[in-house]
Amino acid sequence: MTKAKIAKAIPRRPFVAGNWKMHRTASDTRSLIEDIVGRVQKVATVDMVVCPPFTSLPAAAETLGRHSILALGAQNMHQSKEGAFTGEISGPMLREFGVRYVILGHSERRQFFNETDASVSVKAEAAVGYHLRPIVCVGETLTQREAGETNSVVESQVRGSLAHYPADQLDELVIAYEPVWAIGTGKVATPKQANEVHRLIRKLMASLFGAKGSGVRVIYGGSVKPENAAELMAEPDIDGALVGGASLDARSFFDIIQAARPVRASEND
Ligand code: PGA
């Protein structure tokens, strides 16, 4: 199937998530959520998610109240329902606060906390079992890119991280392509560089899961800012963004959401 045909056959709604990482206490969370909600009221064509730290989730949920326009996500999850796993948080614990998404296998988790494709795969399968939508992250390091290994690294991460993923839950899945060298560095991949990898992921998803696989949203992450968001999201295989630093500023986050809006909205008509 050509790209155009895929886009037509399976409309992909733009998706923008803010990954707050280890930023914002519960009290700071309230004001940031209020500020974001105040700005995004009229956005009806983009799925919008914020992922605060675990301890800020209750404050975020409380502040959001009935404002379901903005969904809540967590930054990690343990696969077990409960148990002797000191320092971990389970899916049902997240669900209790209305969390709908969970970022899995972020490169910082892989780099600093020994997450592997195998652990991500187990978590992704468990997450959908708890009715949490996984945002599964993949991406190459600078050394790997310079060695010409980008495609093979990303392919093996996608295969490994989704090894146990149930084929009937593809609607719940989002894949984030985040080149490690672009995260928090200000070095953004060019739209063409990013789109090439997104296309590779989409083709791989089609070969792993069939037509439904190619309809899974693939979003870009790594130094996304209001200044570069529009040109990234104008690419045919980039369905949105996973935003770190710029998501901590309500105005920047809103501007990125706006950049996701018009292109996809017209494509999906
Ligand atoms: P950044 O982070 O936008 O600050 O580069 C992106 C991410 O790590 O998800």
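Note that this is a predicted model, so its numbers are computed, not measured. Counting starts at 1 for both ligands and their atoms, following the listed order.
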TODO: Flag the pair F54 / F97 as yes when their ring centroid distance falls below 6.0 Å, and as no otherwise.
DONE: no
Atoms of ligand 1, numbered as shown, that sit under 4.0 Å from any heavy atom of [X]:
| X | answer |
| --- | --- |
| G184 | 1 (P), 4 (O), 5 (O) |
| H106 | 7 (C), 8 (O), 9 (O) |
| A182 | 5 (O) |
| G245 | 1 (P), 3 (O), 4 (O) |

Task: Under-4.0 Å heavy-atom contact with ligand 1, by part of A246 that carries it - done: neither
TODO: May I ask you to identify, for N19, whether its side chain, its backbone, both or neither come under 4.0 Å of ligand 1 on a heavy-atom basis?
DONE: side chain
Can you find a non-hydrogen atom of [X] under 4.0 Å from ligand 1?
| X | answer |
| --- | --- |
| S247 | no |
| K21 | yes |
| G222 | yes |

- [ ] Before signing off on this row, confirm whether S223 and ligand 1 have an N or O atom pair separated by under 3.5 Å.
- [x] yes
Open item on the list: Using a 3.5 Å cut-off on N or O atoms only, is E108 in polar contact with ligand 1?
Closed with: no
- [ ] Could you tell me whether R109 sits above the aromatic face of F113, with NZ or CZ closer than 6.0 angstrom to the six-membered ring centre and within 45 degrees of the axis?
- [x] yes
TODO: Drop me the distance from E108's CD to E115's CD, to the nearest 0.5 angstrom.
DONE: 12.0 Å
Task: Protein heavy-atom partner closest to atom 3 (O) of ligand 1 - residue, atom, separation in Å - done: G244 N, 2.9 Å
Open item on the list: Give me the residue, atom name and distance of the protein heavy atom closest to atom 9 (O) of ligand 1.
Closed with: E178 OE2, 2.7 Å
- [ ] Show your working on salt bridge (Lys or Arg N to Asp or Glu O under 4.0 Å) between D239 and R202 and close with a plain yes or no.
- [x] CA-CA 11 Å; D239 300 321; R202 197 171 304 290; 2.8 Å; yes
TODO: Check the angle between the aromatic planes of F15 and Y101 and answer parallel, tilted or perpendicular using the 30° and 60° thresholds.
DONE: perpendicular
Task: Taking every non-hydrogen atom, the tightest pair across S223 and K187 - done: OG-N, 3.7 Å
TODO: Mind listing the closest non-hydrogen atom pair of R110 and C137 along with its distance?
DONE: NH2-O, 2.9 Å
Task: Within 6.0 Å of CZ in R95, more than 12 heavy atoms from elsewhere - done: yes
Open item on the list: Is it the case that atom NZ in K21 sees more than 12 heavy atoms from other parts of the structure closer than 6.0 Å?
Closed with: yes
